[in-house]
Amino acid sequence: MASHGARPTGHAHADDAEGRRRVDLLLRGLRELGWTEGRNINFVYRWAGGDPARAKADAAELVSEKPDVIIANSTMALAAVWNETSTIPIVFLVVGDPIGQGFVSSLARPGGNITGFTAFEFATSAKWLELIKEIVPETRRVAFIFHPASGSYSDKFVQEIAPIASSSGIELLVSPTSDAAEIDHALAAVSGEPKGGLIVSPDGFTTSNRGRIISLAARYRLPAIYTYRYFAADGGLLSYGHDNNEPWQRAPSYVDKILRGANPADLPIQQPTKFELVINLKTAKALGLTIPPQLLDRADELIE
């Protein structure tokens, strides 16, 4: 049986090591279920690099090849393929708000041709601000950066963060960023006095530009928090969010079911079950920060 899976992604470039590592997790899981690339399954890959226009073009091309299933990584990638097909089964990964954005009708019975794995719970975003305050109690301004297209759900993060900011006497700067210059402007605006901090929305654009964001946060000496571990591994101060390996390890079971005849409409949307706090101690030292002992004890991983 020859089957074809296609994966447009809004989270990475083709040379992104983290993106490749996640694909390896997916392929390993499929091999364990009896699917070996080049023998009974073939893949066509597309890497949109956080560019909505490129994702749209990739989606049209992939759908034209009539694959048996499409694996869409990120909200941006899902929106692109969803606009191209209502019949080809789609398994999405790392999508924040599938109901609110109209992709599915419910988590239990998604309906249509889409199922998959959500990325986070919006309520956890309040924890981001609390963690910055715990490390730097004198923080008085925090910028929240996001991409308006690939992070279109970011208003729900703001709804959770804003009340905590207000009650803590912190000015929240909601900063949409669509290119490198806007990233630089947003971080420069929150640097200096009074003491500033940074929250980075989890979306395809910020992930693809994480090197620039981490570098600028270091330049402006901003305590910054991210959702995914690989930001901290790449030099970010700390991350708090779902275990990013989890959806890639769980997705093969859904791909397998669909290839064997299951209807995606009957496969419930799965939510994350593992969350992790990762702290980069080298970055903390470079910023002149002392991480409170109680926070060190709570961390799932310390990077030195």
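Fair warning: this is a prediction, and the values are worked out from it, not measured in the lab. Here, residue 1 is the first one in the sequence, and each next residue gets the next number.
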Is there a path from Val278 to Phe231 through hydrophobic residues (I, L, V, M, F, W, Y) whose side chains come within less than 4.5 Å of each other?
no
For the side chain of Arg46 and the backbone of Ala57, is there at least one donor-acceptor N/O pair under 3.5 Å apart?
no
Looking at Glu276 and Arg229, is there a salt bridge between them, counting it only when a charged N and a carboxylate O are closer than 4.0 Å?
no
Min side-chain heavy-atom separation Ile145-Val200 under 4.5 Å:
yes
Got a donor-acceptor contact below 3.5 angstrom from the Ser208 side chain to the Phe205 backbone?
no
Could you check whether any side-chain N or O of Thr283 sits under 3.5 Å from a backbone N or O of Leu287, counting only pairs where one atom can act as donor and the other as acceptor?
no
To the nearest 0.5 Å, what is the distance between OG (Ser215) and CD1 (Ile183)?
11.0 Å
Main chain of Pro272, side chain of Glu246: is a donor-acceptor contact present, judged purely on distance under 3.5 Å?
no
One should read off an interatomic distance between Glu301 CD and Leu281 CG, to the nearest 0.5 angstrom, of 10.0 Å
For Asp234 versus Ile214, what's the shortest heavy-atom pair and its separation?
CB-CD1, 3.8 Å
Should Trp47 and Arg20 count as side-chain neighbours, where that means a heavy-atom distance under 4.5 Å?
yes
Do Leu238 and Ile303 sit in one hydrophobic cluster, given that two such residues count as connected whenever their side-chain heavy atoms are within less than 4.5 Å of each other, even indirectly?
no
Any side-chain heavy-atom pair of Ile258 and Leu267 under 4.5 Å
yes
Using side chain to side chain contact (heavy atoms under 4.5 Å, CB included) as the criterion, list what pairs up with Lys127, not counting sequence neighbours.
Glu130, Leu131, Tyr240, Arg298
Check: Asn209 and His147 side chains under 4.5 Å, non-hydrogen atoms
no
Value for CG (Leu27) from CG (Leu25), rounded to nearest 0.5 Å, stands at 9.0 Å
For Pro292 and Glu134, work out which heavy atoms get closest and say how close.
CG-O, 3.5 Å
Of Phe117, Trp248, Tyr228, Phe275, which is the lone residue that meets ring-ring contact (aromatic ring centres under 6.0 Å, His included) with His242?
Tyr228
CH2 of Trp82 to CD1 of Ile90: how many Å apart, nearest 0.5 Å?
10.0 Å
Verify side chain to side chain contact (heavy atoms under 4.5 Å, CB included) between Ile41 and Asp68, making sure each step is shown before the conclusion.
CA-CA 10 Å; Ile41 189 169; Asp68 293 297; over 6 Å; no
ILVMFWY network linking Tyr230 to Ile279, side-chain heavy atoms under 4.5 angstrom:
yes
Within-4.5 Å side-chain heavy-atom neighbours: Leu237 and Leu198:
no
CG of Leu277 to CG of Leu302, rounded to nearest 0.5 Å, is 8.5 Å
For the student: nearest non-hydrogen atoms of Ala80 and Ala55, plus distance
CB-O, 3.5 Å
Between Ile70 and Val63, does a side chain to side chain contact (heavy atoms under 4.5 Å, CB included) hold up when you go through it step by step?
CA-CA 8 Å; Ile70 295 174; Val63 168; 4.0 Å; yes
Evaluate the side-chain proximity of Leu216 to Asp184: yes if any heavy-atom separation is below 4.5 Å, no if none is.
yes
For Ala224 versus Ala217, what's the shortest heavy-atom pair and its separation?
CB-CB, 4.3 Å
What I'd like to find out is whether the side chain of Phe157 reaches to under 4.5 Å of the side chain of Phe146, using heavy atoms alone.
no
Expected output: side-chain Thr139 to main-chain Gly196 donor-acceptor under 3.5 Å:
no
Evaluate side chain to side chain contact (heavy atoms under 4.5 Å, CB included) for Arg22 paired with Leu93, printing each intermediate quantity in order.
CA-CA 11 Å; Arg22 295 197 300 265; Leu93 305 176; over 6 Å; no
Take Thr206 and Tyr226 through the test side chain to side chain contact (heavy atoms under 4.5 Å, CB included) and record every step on the way to the result.
CA-CA 10 Å; Thr206 58; Tyr226 312 89; over 6 Å; no
Ring pair (Phe, Tyr, Trp, His ring centres under 6.0 Å) partners for Tyr220, two or more places apart
none
How close do Thr87 and Asn113 get, counting heavy atoms only, and between which atoms?
N-ND2, 3.7 Å
Leu62 side chain reached by Pro67 side chain, heavy atoms, under 4.5 Å
no
Taken to the nearest 0.5 Å, the spacing of Glu84 CD from Glu61 CD works out to 11.0 Å
Nearest heavy-atom approach of Arg250 to Ser253 is O-OG, 2.8 Å
Please check: side-chain N/O of Arg141 versus main-chain N/O of Ser191, any donor-acceptor pairing under 3.5 Å?
yes
